[in-house]
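Working notes, beginning with the structure itself.
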Protein chains: 2
Amino acid sequence: MARPLADRQDVISALAEIFRDHGFEGASLSTITARTGLGKGSLYNLFPGGKAEMAEAVLAHIDGWFRTHVFEPLDQADGGMAAVQAMFQATDAYFRSGRRVCVVGVFALGDARDLFTEQVRGYFAAWVTALAGALERAGRDPAQARADAEEVVAGIQGALVLARALDDTGVFTRTLARLRAGLGLA
Amino acid sequence: MARPLADRQDVISALAEIFRDHGFEGASLSTITARTGLGKGSLYNLFPGGKAEMAEAVLAHIDGWFRTHVFEPLDQADGGMAAVQAMFQATDAYFRSGRRVCVVGVFALGDARDLFTEQVRGYFAAWVTALAGALERAGRDPAQARADAEEVVAGIQGALVLARALDDTGVFTRTLARLRAGLGLA
DNA sequence: GTACGACTTGACCGATTGGTACAAGAAACC
DNA sequence: GGTTTCTTGTACCAATCGGTCAAGTCGTAC
């Protein structure tokens, strides 16, 4: 146990970018070894479960990030819209205004969904629920709050698809602004 | 040249469903032969370019469908909103209320985007442009029309992601209704 | 300095990938 | 029936896939 355990987090971050760019099937072990700089042995030492465990770690990492930076602030929101505003800012920063794409979204559309059903479902469900809760506390009736929340989350995901397809980050920025405006935010 | 050319269209339709379910990388030739019922020989006879040509044919097929059923009606719209209404209906029918996912969207997020950049870009660009045009003729100023069009197309794509992730077609139906309402439609 | 053990490496494994070659089969004309 | 033309299944190919593992490397403890 000599080693300082090093950089599991760094590896996971690198893996996240790889899965983001190539999807689950598209990320071959050779790409992974090339872009992480680690040999297969090291990878299987860190993730004995292979690619599936790597992807799981990435999903857990993302889930953790969103939980602390997005979901929990929304959960703790009092009746104001500050947390919702903050969510938009965090989202824009995280996705780099549409230059980055959502790994969970990529998995959701691809074959990988069947392997990670629960984590994919959980991520989006948590997001919608947290946002709906905050909107409800801000005065909307429950049904409206949920509908608005779904529209925002779907809008963000769709904007990512469009931004990537058109190779135009403007779409993402504009859509985010429209969604914000739709909730009555400046 | 004896054969009546048979069923290329049928094969393309089957291929579309395969790529829809598995993405480009995920659709292996063995799945394709299994689900189309055709041997490799037949497939390479129909599509000498292999998987790439199959995907291209699928994209072209989809593009054709949307052109005749969505884009052109929008282009020919007079000042009314009937064509926009029709678009929503056609979209809901095509995506089976979210049970089906958008092949072009799947390609856009995955590795395949780099192989089919132009077709992916073209599809979404045509959709946004056609819708924006119809909205503009219905009285919106150009910038607003384009923003609204982007929001609708992004919203649809995002709703597909969400519906698939949550395994809940309700999300798709509700989002479509909200988007319609946002344009002032009943 | 030596022994230990966590970590890394890269050759190697069988399975599967996309793609090719080709012989057998089926359909239309004579 | 014979011939020609096209279509089909299948055996095969090199390359690559995800994954394994024996052979090391190297920092630390003694």
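Protein chains get the first letters and strands the later ones, always in sequence-line order, with residue 1 at the start of each. Reckoned from all heavy atoms, side chains included, excluding hydrogens, waters and symmetry mates. This structure is a prediction, so every number in the text was calculated from the model and none was measured.
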Can you measure [X] atom [atom1] to [N] atom [atom2] for me and round it to whole angstrom units?
X	N	atom1	atom2	result
Leu29(B)	dG9(D)	CG	P	14 Å
Tyr44(B)	dA23(C)	OH	P	21 Å
Glu25(A)	dG18(D)	CD	C1'	13 Å
His22(B)	dT16(C)	NE2	C1'	16 Å
Leu38(A)	dG10(C)	CG	C1'	14 Å
Lys40(A)	dG18(D)	NZ	P	8 Å
Phe47(A)	dG18(D)	CZ	P	15 Å
Ile32(B)	dG18(C)	CD1	P	7 Å

Among the nucleotides dC17(D), dC7(C), dT7(D), which one has an atom lying closest to any side-chain atom of Asn45(B)? dT7(D)
Just N and O in the side chain of Lys51(A): are any of them under 4.0 Å from OP1 or OP2 of dG18(D)? yes
Answer yes or no: does a side-chain N or O of Ser30(A) lie under 4.0 Å from OP1 or OP2 of dC17(D)? yes
Could you give me the CA-CA distance, side-chain angles and deciding distance for Asp148(A) and Arg140(A), then say whether salt bridge (charged side-chain N to carboxylate O under 4.0 Å, His left out) is met? CA-CA 9 Å; Asp148(A) 284 353; Arg140(A) 280 170 177 72; 2.7 Å; yes
May I ask you to say whether Arg100(B) pairs ionically with Glu17(B), meaning some side-chain N is under 4.0 Å from a carboxylate O? yes
Could Asp168(B) and Arg174(B) be called an ion pair, given the rule that one side-chain N must be under 4.0 Å from one carboxylate O? yes
Taking Tyr94(A) as the fixed residue, which of Phe88(A), Phe66(A), Phe172(A) is the one that meets the ring-ring contact (aromatic ring centres under 6.0 Å, His included) rule? Phe66(A)
Test your reading of the model: is there a side-chain donor-acceptor pair from Lys51(A) to the backbone of Ala27(A), 3.5 Å cut-off? yes
Need one value for [X]: base, sugar-phosphate or nothing, where a base atom within 4.0 Å counts as base even if backbone is also close, heavy atoms only.
X	result
Gly41(B)	base
Ala52(B)	nothing
Ser42(A)	base

